[in-house]
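First the structure, in the form of structure tokens, and then the observations on it.
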Amino acid sequence: MGSVIDSIKEKLNTSSFIKYSEEVGIVDFVIEIADSECVTKEMIQELLNGFPSRDYVEITVVNDADDGIQISRDSNLDFRDWDIFNGDKVTMTWHIDKNISEHNVVSIYCYDKFCDSIESKEILDVMLIFSHLLTEKESLCFEVQDRDVHLVTKSIAFVGREDRDVVINDGRLEKLHLIRDNANFRNGYIYSLLPGDFSFQISGARNRLAECFSKIETLLSICYIANDAEIVNAERVKMKISGQRNMSMEIKVQDIVQNREIVKIYNWIYEGGNTTDKAIIARNIISLHCRYSNIINLDGKTFSSIQSNFNLYQRDNVDRYLNLKNEVGKSVTEIIERSNELAFSIPHGMKNNILAVFSFLFTVILANIVSDAPLDNIFTRDITVIFEIIIFFSALFLTFSVYETNYKIKQMEMGFDKLKNNYKDVFDEEELRDIIEENSFKKDVITKIKKQRNWAIAAWIILLIILLVVVEMISVDSTTEWIVNLFVKLREK
């Protein structure tokens with residue numbers, strides 16, 4: 001199926017144009033028709049309808065007497081003066097404004113003329129054109145009307161009208177934000193472009209755009225490798241690279257040539273992994289390799305050195321990572337060991353209290369055995385009061401032990417949180433949580449300590465109550481009886 005331009009030639013019975021020019025955004029061509037009588041409203045309407053609906057088309061028809069009419073797709077042709085097509089010679093000027101469709105498709109009507117236009121421009125002008133087309137877009141598709149082509153970069157496709165087999169991955173805008181976080185390209189918002197926009201993934205032997213695109217790809221790669229870059233007066237690139245040595249350099253735009261090694265370095269920095277670390281290492285090596293030469297002359301040795309240094313850096317980082325991981329593990333182990341001691345602090349206190357009570361009881365019994373009346377009236381009023389004082393201080397000791405245990409639990413939790421904060425800049429949050437086993441610590445260790453504490457408190461209180469009841473029951477002059485008698489006497493008075 002022929003293109004719309006071929007249809008115009010065929011219907012208007014002309015083999016060539018007086019003039020034809022095609023830019024990215026507009027097309028102008030002029031046709032001279034010797035016998036205009038063959039031109040009809042139906043023919044013009046059919047030709048206008050052959051253009052993609054996204055584009056605006058306007059025709060200006062002028063005869064030798066300079067009489068003329070203008071026609072567009074939206075015109076009502078019935079209201080036009082068709083007497084101009086009376087068989088005399090007429091000149092038809094066609095003007096097409098290309099528009100980008102909602103699916104980011106742009107027309108190319110004559111591929112060779114389009115390529116002529118691109119090749120005739122300075123590369124900065126080409127960059128401005130494509131920056132305007134790609135602003136806030138993930139991709140762009142040029143629909144070529146007059147031939148079957150299939151050329152695809154990482155974000156731009158040149159394909160025939162019937163070609164639908166084009167897959168362009170998203171992520172362009174995200175990559176732009178990543179680059180702006182790691183490199184200061186001062187003209188970045190004027191030339192809102194990526195090297196990948198001009199990197200052909202699918203090409204051909206007669207790709208007329210390859211040379212221009214490869215120069216732009218190299219230029220942008222240089223700007224994004226540098227710490228700071230600026231295109232000055234549309235004629236030179238000024239850049240600064242801070243590495244082992246601080247380096248300033250200028251390159252004339254007209255001297256930019258394709259350099260695949262520079263593009264490889266750019267791709268290596270920004271495609272996967274830790275971009276910041278990669279950029280630092282790349283700039284270190286480039287600053288040394290470009291001491292006596294221009295960055296545009298970088299060769300494969302530079303990229304090899306960058307990769308080797310990064311591998312060494314990763315190995316050092318792995319060693320540091322393992323050492324830090326071991327440090328965290330030791331700290332967690334120390335906290336858990338302290339928690340085990342804490343879990344038995346109240347039971348130990350209860351055990352010591354029991355030993356103290358029984359030691360006192362044993363002493364009392366032993367003293368009575370060697371007395372004149374062994375084992376008679378052991379629990380006298382004095383002994384009973386002493387036992388009750390011991391029980392009171394035991395309860396007081398329990399209170400302080402509970403307070404101390406709760407305080408140590410709080411301190412242990414604070415120490416655990418402090419450990420997390422100390423290493424949060426080194427490890428990922430999820431990774432740190434796994435290393436210190438935070439969930440296990442909170443669910444198992446802390447819960448275990450609190451359960452031990454609660455059981456020990458309950459056992460201690462029950463033991464004190466039983467001890468107090470027993471002492472009161474076997475005492476000759478129990479405190480309970482003493483209090484009751486005292487109360488009775490007070491009432492009698």
Side-chain angles (χ1 to χ4, degrees), residues 123 126-127 130 151-156 168-169 171-172 174-185 188 191 193-205 207 209-229 231 237 239-245 247 249-253 255-315 317:
I123 62 172
V126 177
M127 287 167 61
F130 280 96
L151 307 171
V152 183
T153 73
K154 291 182 179 179
S155 54
I156 303 174
I168 296 178
N169 296 324
R172 179 180 179 276
E174 185 180 348
K175 177 69 75 65
L176 265 175
H177 288 303
L178 174 66
I179 288 173
R180 286 167 181 166
D181 288 340
N182 288 275
N184 182 30
F185 179 33
Y191 304 105
L193 298 166
L194 292 174
D197 297 336
F198 302 91
S199 177
F200 280 106
Q201 308 300 296
I202 302 175
S203 186
N207 182 358
L209 300 173
E211 182 179 355
C212 175
F213 275 33
S214 64
K215 288 181 179 180
I216 296 174
E217 183 185 13
T218 300
L219 172 58
L220 289 171
S221 296
I222 291 172
C223 292
Y224 295 145
I225 290 171
N227 295 85
D228 185 88
I231 298 173
V237 181
M239 75 189 73
K240 294 179 182 177
I241 294 179
S242 300
Q244 292 289 336
R245 52 185 289 271
M247 181 186 80
M249 187 178 294
E250 286 192 10
I251 307 171
K252 290 183 178 179
V253 173
D255 293 338
I256 296 290
V257 294
Q258 178 187 14
N259 187 320
R260 296 308 306 168
E261 297 304 319
I262 292 175
V263 175
K264 283 180 185 178
I265 294 170
Y266 158 80
N267 287 332
W268 177 80
I269 292 173
Y270 291 105
E271 292 184 1
N274 189 320
T275 299
T276 303
D277 289 348
K278 286 182 171 183
I280 290 172
I281 289 170
R283 289 162 183 161
N284 281 340
I285 302 303
I286 290 172
S287 70
L288 296 175
H289 279 237
C290 291
R291 181 175 295 184
Y292 304 112
S293 63
N294 197 301
I295 190 172
I296 200 67
N297 299 319
L298 284 181
D299 55 21
K301 293 179 182 178
T302 304
F303 186 38
S304 296
S305 296
I306 291 170
Q307 288 179 306
S308 298
N309 275 267
F310 185 70
N311 290 335
L312 290 172
Y313 170 79
Q314 282 185 312
R315 194 177 305 159
N317 267 7

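Predicted model, so just to flag it, every value in this text is computed and none were measured. Positions are given from 1, in the same order as the sequence printed here.
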Does atom CD (Glu211) have a neighbourhood of more than 12 heavy atoms from anything else shown, all under 6.0 Å? no
Apply side-chain contact (heavy atoms from CB on, under 4.5 Å) to the pair Met249 and Asn294, showing each step before the final yes or no. CA-CA 8 Å; Met249 187 178 294; Asn294 197 301; 3.6 Å; yes
Regarding Glu271 and Lys278, does a basic nitrogen lie under 4.0 Å from an acidic carboxylate oxygen? no
For Ser304 and Gly300, indicate whether the former's side chain and the latter's backbone hold a donor-acceptor pair under 3.5 Å. yes
I need the Leu151 CG to Asn207 CG distance, nearest 0.5 Å. 4.5 Å
Within the 3.5 Å criterion, strictly below it, is a donor on Gln258 or Thr218 matched to an acceptor on the partner's side chain? no
Between Arg245 and Ser287, is there a donor-acceptor pair closer than 3.5 Å when you use the side chain of the first and the backbone of the second? yes
Looking only at non-hydrogen atoms, find the nearest pair between Asn259 and Leu298 and report the distance. ND2-O, 3.1 Å
To the nearest 0.5 Å, what is the distance between OH (Tyr224) and CD1 (Ile179)? 5.5 Å
Please indicate whether Lys175 has more than 12 foreign heavy atoms, meaning atoms of other residues, nucleotides or ligands, lying under 6.0 Å from its NZ. yes
Checking Cys212 against Val126 for the side-chain contact (heavy atoms from CB on, under 4.5 Å) test, could you report, in this order, the C-alpha distance in whole Å, the side-chain angles of both residues, the deciding distance, and whether it holds? CA-CA 9 Å; Cys212 175; Val126 177; 4.1 Å; yes
Between the CG atom in Asn227 and the CZ atom in Arg283, the distance rounded to the nearest 0.5 Å is 4.0 Å
Please determine whether side chain to side chain donor-acceptor pair (under 3.5 Å) holds for the pair Gln307 and Ser305, giving the CA-CA distance in whole Å, both sets of side-chain angles, and the decisive distance to 0.1 Å. CA-CA 5 Å; Gln307 288 179 306; Ser305 296; over 6 Å; no
Give a yes or no on this: more than 12 heavy atoms of other residues, nucleotides or ligands lie within 6.0 Å of atom CD of Glu174. no
Closest non-hydrogen contact found for Gly188 with Arg180 is O-NH2, 3.3 Å
So CG of Leu219 and CG of Leu193: to nearest 0.5 Å the spacing works out to 10.0 Å
Salt bridge check, Arg260 against Glu217: does any charged N sit closer than 4.0 Å to a carboxylate O? yes
Answer whether the closest heavy-atom distance between the side chains of Ile295 and Met239 falls below 4.5 Å. yes
Let me see the working for Thr302 and Glu261 under side-chain contact (heavy atoms from CB on, under 4.5 Å), right down to the final yes or no. CA-CA 8 Å; Thr302 304; Glu261 297 304 319; over 6 Å; no
Can you tell me how far apart CG (Leu209) and OG (Ser203) are? Round to the nearest 0.5 Å. 9.0 Å
For side chain to side chain donor-acceptor pair (under 3.5 Å), just list the numbers for Thr275 and Asn182, CA-CA rounded to whole Å, side-chain angles, deciding distance to a tenth of an Å, and then say yes or no. CA-CA 8 Å; Thr275 299; Asn182 288 275; 5.1 Å; no
Can you label the angle between the Phe198 ring and the Phe130 ring as parallel, tilted or perpendicular, going by 30° and 60°? perpendicular
Assess whether side-chain contact (heavy atoms from CB on, under 4.5 Å) is satisfied between Asp255 and Ile296, documenting all intermediate values. CA-CA 9 Å; Asp255 293 338; Ile296 200 67; over 6 Å; no
In the structure I gave you, are the side-chain heavy atoms of Tyr270 and Leu194 within less than 4.5 Å of one another anywhere? no
For the pair Phe213 and Phe200, name the ring-plane relationship: parallel under 30°, tilted 30 to 60°, perpendicular over 60°. parallel
CG (Leu220) and CD1 (Ile262) are apart, to the nearest 0.5 Å, by 12.0 Å
Could you tell me whether the side chains of Ser155 and Asp197 share a donor-acceptor contact shorter than 3.5 Å? yes
